[in-house]
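One structure is given below, encoded as structure tokens.
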Amino acid sequence: MPFTARVLTAVRRIPPGRAATYGDIAALAGRPRAARAVGNIARDSRAPGTPWHRVVAAGGRLGGFGGNPAMKRALLAAEGIRMAGGRIRDWCRVRWPGRPADRKARNRAARKSVSPGKRPPGK
DNA sequence: ATCATGACATGTT
DNA sequence: TAACATGCCATGA
């Protein structure tokens, strides 16, 4: 199953009244860091029955939507998800799947070497 | 503390 | 290659 199909399946798994982040969808699809790929697929693919409006950005932000973010907001509101200043209310409850917690364990080991003299833009 | 910006990370097309 | 409906972190206001 190609990654795109997996993403579509994951999105369809989102129950009504709930929403998932691009990162979560990517993780369900098997590529935890492919959030951007998910967005890319979403745009290129308009598979029917795929509730892309339930897919939002991290932190409960709307994220982007093809040409009409207001429509996305309306669709979410129709499912009982309301927003507050661009953020989903009770995001911790509507989020799906239920994520236990994460804390700042992300070390990323990387930022890699960040090439000398590049990262600290600092002032 | 919150918002905005900059920069890099990651994956597919 | 660069673009993208992102994510996370750091810094500045």
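These numbers come from the heavy atoms of this one structure, side chains and all, not from hydrogens, waters or symmetry mates. To find a chain, count down the sequence lines: A is the first, B the second, and so on, and within it residues start at 1.
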Closest heavy-atom pair and its distance - [X], [Y]:
X	Y	result
A/Phe3	A/Ala29	CE1-CB, 3.6 Å
A/Ala34	A/Ala26	C-CB, 3.6 Å
A/Arg18	A/Arg93	NH1-O, 2.6 Å

Please write out the pairs of protein N or O atoms and N or O atoms of nucleotides 3-5 of chain B separated by less than 3.5 Å, giving the distance to one decimal.
residue, atom, partner, partner atom, Å
B/dC3, OP2, A/Arg87, NH2, 3.4

Residues that [X] engages under side chain to side chain contact (heavy atoms under 4.5 Å, CB included), provided they are two or more places apart:
X	result
A/Pro32	A/Ala27
A/Ala47	A/Leu8, A/Ser45, A/Thr50
A/Ala20	A/Ile14, A/Asp24, A/Ile25, A/Trp96
A/Ala77	none

Encoded 5' to 3' (Watson-Crick or G-U under 3.5 Å; [ ] crossing; | other strand), DNA chain B becomes .|||||.||.|||

So which pairs with a foot in residues 58-67 of chain A pass side-chain hydrogen bond (donor to acceptor under 3.5 Å, both in side chains), sequence neighbours left out? none

I'd like to know whether CZ of A/Arg6 has more than 12 heavy-atom contacts from other residues, nucleotides or ligands below 6.0 angstrom. yes

Within the 4.0 Å heavy-atom criterion, would you say A/Ala42 contacts the bases, only the backbone, or no part of the nucleic acid? base

Report the distance from atom [atom1] of [X] to atom [atom2] of [N], rounded to the nearest whole Å.
X	N	atom1	atom2	result
A/Arg61	C/dA5	CZ	C1'	13 Å
A/Phe65	C/dT6	CZ	C1'	16 Å
A/Asp24	C/dA5	CG	C1'	16 Å

Where do N or O atoms of nucleotides 11-13 of chain B meet protein N or O atoms at under 3.5 Å, pair by pair?
residue, atom, partner, partner atom, Å
B/dG11, N2, A/Ala37, N, 3.4
B/dT12, O2, A/Asn40, ND2, 3.0

Got a list of side-chain donor-acceptor pairs under 3.5 Å for residues 79-89 of chain A, not counting sequence neighbours?
residue, atom, partner, partner atom, Å
A/Glu79, OE1, A/Gly17, N, 3.1
A/Glu79, OE1, A/Arg54, NE, 2.8
A/Glu79, OE2, A/His53, NE2, 3.2
A/Glu79, OE2, A/Arg54, NE, 3.2
A/Glu79, OE2, A/Arg54, NH2, 2.8

